[in-house]
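In what follows, chains are A, B, ... by sequence order, proteins preceding strands, each numbered from 1. Just the heavy atoms: all of them, side chains too, but no hydrogens, waters or symmetry mates, feed the values below.
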Amino acid sequence: DAGITQSPRHKVTETGTPVTLRCHQTENHRYMYWYRQDPGHGLRLIHYSYGVKDTDKGEVSDGYSVSRSKTEDFLLTLESATSSQTSVYFCAISESWGNQPQHFGDGTRLSIL
Amino acid sequence: GDSVTQMEGPVTLSEEAFLTINCTYTATGYPSLFWYVQYPGEGLQLLLKATKADDKGSNKGFEATYRKETTSFHLEKGSVQVSDSAVYFCALSGLCETSYDKVIFGPGTSLSVIP
């Protein structure tokens, strides 16, 4: 299994608070991704990274920011959490560009009350 | 636009039954096709893949053939087990007109296998 660790695995917080989710990989893969998974919407890409300090938006990036200061770590931040951001968040990595499978972490279940 | 369509289920089968989960796609160029599986409480795992027309991907008794003429990538297994109960996602990547390695996932098909 690909070495991907997401932390925390579960979090409950209140509306308006900042939240940071961490993805750590031991595979030295260049590409990293953050998705959210919601019933009826499947998997939707939030942000992705194609190298250290190189990030860009996915299809549902509003309300989220990311940072990648090291190859192995990709952080997802909710600056001011809202109830609509209650979801399961998955980090994924891939080795190279184009036609490559992605490998997923086990997810973070985030509940915003 | 590019998309993946699959039966959403839930699909319920008895153990040792034959499984088919249909997947069709719309895409520009020549994408690669994947099946992922998600067990409860876990992330998606790659099950199999095919990178060009007529390729057959296979793993753990599951098979799927890349059919360009019908734009399909149906997942099959001859005899399912209780341990195959999971959600299955069809996906494609390698699109021509994207700025990143975009993966498009289908909505997922929930499979429940009963003894």
Problem - Where B/Leu13 and B/Leu111 come nearest, the two heavy atoms and their spacing - result: CD1-CD1, 4.0 Å

Exercise for the section: With sequence neighbours excluded, tell me which residues meet salt bridge (Lys or Arg N to Asp or Glu O under 4.0 Å) with A/Lys70. Expected result: A/Asp73

Exercise for the section: Would you mind checking which part of B/Leu46 comes under 4.5 Å of any heavy atom in chain A, side chain (CB onward), backbone (N, CA, C, O), both or neither? Expected result: side chain

Handout entry: Sequence neighbours excluded - side chain to side chain donor-acceptor pair (under 3.5 Å) pairs with any residue from residues 77-91 of chain A
Key = A/Thr20-A/Thr77, A/Asp38-A/Ser87, A/Tyr64-A/Tyr89, A/Ser65-A/Glu79, A/Thr82-A/Ser84

Fill in the blank from the handout: Within residues 35-43 of chain B, the residues sitting under 4.5 Å from chain A by heavy atom, in sequence order, are B/Tyr36, B/Gln38, B/Gly41, B/Glu42, B/Gly43

Handout entry: chain B contact via A/Arg44 - side chain, backbone, both or neither, heavy atoms under 4.5 Å
Key = neither

Practice task
Inspect the surroundings of CD in A/Glu14 and state if more than 12 heavy atoms from other residues, nucleotides or ligands are less than 6.0 Å away.
Solution key: no

Practice task
With a 4.5 angstrom heavy-atom cut-off, could you sort out which part of A/Gln6 is near chain B: side chain, backbone, both or neither?
Solution key: neither

Completion exercise
When every non-hydrogen atom of A/His47 is compared with those of A/Leu45, the smallest separation belongs to O-CD1, 3.6 Å

Practice task
With sequence neighbours excluded, tell me which residues meet side chain to side chain contact (heavy atoms under 4.5 Å, CB included) with B/Lys52.
Solution key: B/Asp55

Exercise for the section: Flag yes if more than 12 heavy atoms outside B/Gln81 fall under 6.0 Å of its CD atom; otherwise flag no. Expected result: yes

